[in-house]
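Computed from heavy atoms alone, side chains included, the values below leave out hydrogens, waters and symmetry copies.
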Amino acid sequence: MESVLQELQKDLEEVKQLLEKATRKRVRDVLFVEQRKLETEISTKQQQQAGESMETQKPSAIVPPMTSTYTVKINNYGWDQSEKFVKIYITLNGVQNIPAANVQVHFSERSFELLVKDLDGKNHTMTVNNLLKPISPEGSTKKVKTDTVLIMCRKKSENKWEFLTQVEKQTKEREKPALDTDGDPSAGLMNVLKKIYDDGDDDMKRTLNKAWVESREKQMKGDPEF
C-alpha cells in the first residue's frame, strides 16, 4: 500500500504544479477537481494504512503474560527406617538438575514440609503432619539423588515405627476386627463375618445369607456343620 500512496502523492504534486502554470479557467477548474480527488484518495489510503498497523499490533497488546510455574501436591512416596532415622523417598524426575536451594524441607517435632521449586515449570509440595512419634528437627535432613528426594527424620527415641503417621495407625486399628477372647469364642468370628457382610456387595450378602440359612437348617436337623 505504501507504493500506491507514494504514486498518488506524486500525482498530486504534479497536478499542483500544472495548476500554478495554467491560465485558462476551464483548465484550472479541471485541475482543481483532480486535485481534490487525489487529496481525498490519499487521505483514505492513509487511514486504511493506520488501521492495518493497529490491527497488527493489537494481538500482542491483549495477550496476557503466561505464568511460568504452578504448584502440584506430591501424593506418592515410600518409606522405611533404620535404627536412628525414618526415611521418606519421593520420586521427582530430573530433581538433581535444579539448584540445591530449590529443594527445601522444614521440620517440626511432629511434621515436615517439602517444597521443590521450578522443576519442569512446576513447584512440588508435600506436607506430612502428625508423625507417629516425635522427631528431632535439628538432626533431620534431606538428600537429593538421581530422580529422588530423600527426607531423613531423626528419631528422638530409637524405637521401631509401625506406621509413618498417627492417622495411618488409627485407620489400621479401626479396620481390625474386635475379637473378644474372654467371652464367647465365636464372637470374634461373628464380628469378622458381620464386617464382611456390611462391606460386601449384594452378591456377597446373598451368599452369606444362604450359608447362614443352610447352617441353621443343619443345626435344627442335628447334622454336623462340617
Side-chain angles (χ1 to χ4, degrees), residues 64-201 204-205:
M66 297 183 66
T67 56
S68 58
T69 58
Y70 62 97
T71 301
V72 295
K73 288 187 177 181
I74 300 169
N75 295 314
N76 296 323
Y77 62 89
W79 74 281
D80 65 7
Q81 60 187 306
S82 63
E83 186 177 336
K84 296 182 178 180
F85 288 93
V86 173
K87 305 173 184 179
I88 298 92
Y89 298 86
I90 299 103
T91 300
L92 291 170
N93 292 333
V95 69
Q96 73 277 7
N97 298 323
I98 64 175
N102 284 23
V103 182
Q104 303 170 4
V105 185
H106 172 73
F107 296 96
S108 70
E109 191 175 64
R110 284 285 185 134
S111 69
F112 67 84
E113 182 175 3
L114 167 68
L115 172 61
V116 179
K117 297 193 295 184
D118 198 16
L119 174 60
D120 294 332
K122 293 175 284 189
N123 295 331
H124 301 259
T125 64
M126 176 183 176
T127 302
V128 176
N129 295 313
N130 299 315
L131 291 169
L132 183 68
K133 297 177 182 181
I135 64 171
S136 170
E138 297 80 12
S140 300
T141 186
K142 71 175 187 306
K143 292 183 179 179
V144 177
K145 301 185 176 183
T146 302
D147 299 332
T148 302
V149 176
L150 170 60
I151 296 175
M152 303 179 67
C153 299
R154 181 68 161 87
K155 296 178 179 178
K156 275 200 169 180
S157 59
E158 297 177 3
N159 298 323
K160 184 178 180 181
W161 289 28
E162 299 296 334
F163 307 95
L164 182 61
T165 66
Q166 288 284 349
V167 174
E168 290 177 13
K169 179 183 178 182
Q170 293 168 4
T171 300
K172 290 293 184 182
E173 287 177 346
R174 282 197 298 267
E175 292 176 355
K176 290 181 180 179
L179 298 177
D180 185 5
T181 55
D182 296 330
D184 186 353
S186 64
L189 177 60
M190 293 302 297
N191 286 334
V192 173
L193 291 174
K194 182 177 184 303
K195 179 170 176 57
I196 294 173
Y197 184 87
D198 291 341
D199 295 343
D201 56 18
M204 177 62 72
K205 290 178 180 178

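In this structure, Asn130 and Arg110 have side chains that are not in contact, with every pair of non-hydrogen atoms separated by 4.5 Å or more. No side-chain heavy atom of Glu162 sits under 4.5 Å from any side-chain heavy atom of Lys172. Between Val116 and Ile98, some side-chain heavy-atom pair lies under the 4.5 Å cut-off. In this structure, Lys133 and Lys156 have side chains that are not in contact, with every pair of non-hydrogen atoms separated by 4.5 Å or more. In this structure, the side chains of Leu164 and Leu131 come closer than 4.5 Å at one or more pairs of heavy atoms. For the pair Met126/Ile88, a side-chain contact is recorded, criterion being any heavy-atom separation below 4.5 Å from C-beta on. Considering only heavy atoms from C-beta on, Ile151 comes within 4.5 Å of Ile90 through its side chain. Side-chain contact check for Leu92 versus Ile74: some heavy-atom pair is nearer than 4.5 Å.
Glu158 contributes atom CD, which lies 4.5 Å from atom CD of Glu83 (distance to the nearest 0.5 angstrom). Atoms OG and CZ, from Ser140 and Arg154 in turn, are 8.5 Å apart once rounded to the nearest 0.5 Å. The line from OG1 of Thr141 to CZ of Phe85 is 8.0 Å long, rounded to the nearest 0.5 Å. Rounded to the nearest 0.5 Å, atoms OG (Ser136) and CD (Glu109) are 9.0 Å apart. From Thr171, atom OG1 reaches atom CZ of Phe163 across 9.0 Å, with rounding to the nearest 0.5 Å. Here Thr71 contributes atom OG1 and Lys122 contributes atom NZ; the two are 11.0 Å apart, rounded to the nearest 0.5 Å.
Counting only distance, with no hydrogens or angles, the side chain of Lys155 and the backbone of Ser82 share a donor-acceptor pair below 3.5 Å. A donor-acceptor pair is defined here as one N or O able to donate and one able to accept, closer than 3.5 Å; no such pair exists between the side chain of Asn123 and the backbone of Tyr70.
Shortest non-hydrogen contact noted between Val105 and Phe107 is CG1-CZ, 3.4 Å. In terms of heavy-atom proximity, Trp79 sits nearest to Trp161 at CH2-O, 3.8 Å. Here the closest non-hydrogen pair linking Leu119 and Gly94 is CD1-O, 3.8 Å.
The only member of Lys117, Lys142, Glu113 that meets side chain to side chain contact (heavy atoms under 4.5 Å, CB included) when paired with Gln104 is Lys117.
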**OP:** Output, in order, the C-alpha distance, side-chain angles, deciding distance and verdict of side chain to side chain contact (heavy atoms under 4.5 Å, CB included) for Leu114 and Tyr77.
**Re:** CA-CA 12 Å; Leu114 167 68; Tyr77 62 89; over 6 Å; no

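Atom NZ of Lys169 is surrounded by 12 or fewer heavy atoms from other residues, nucleotides or ligands within 6.0 Å.
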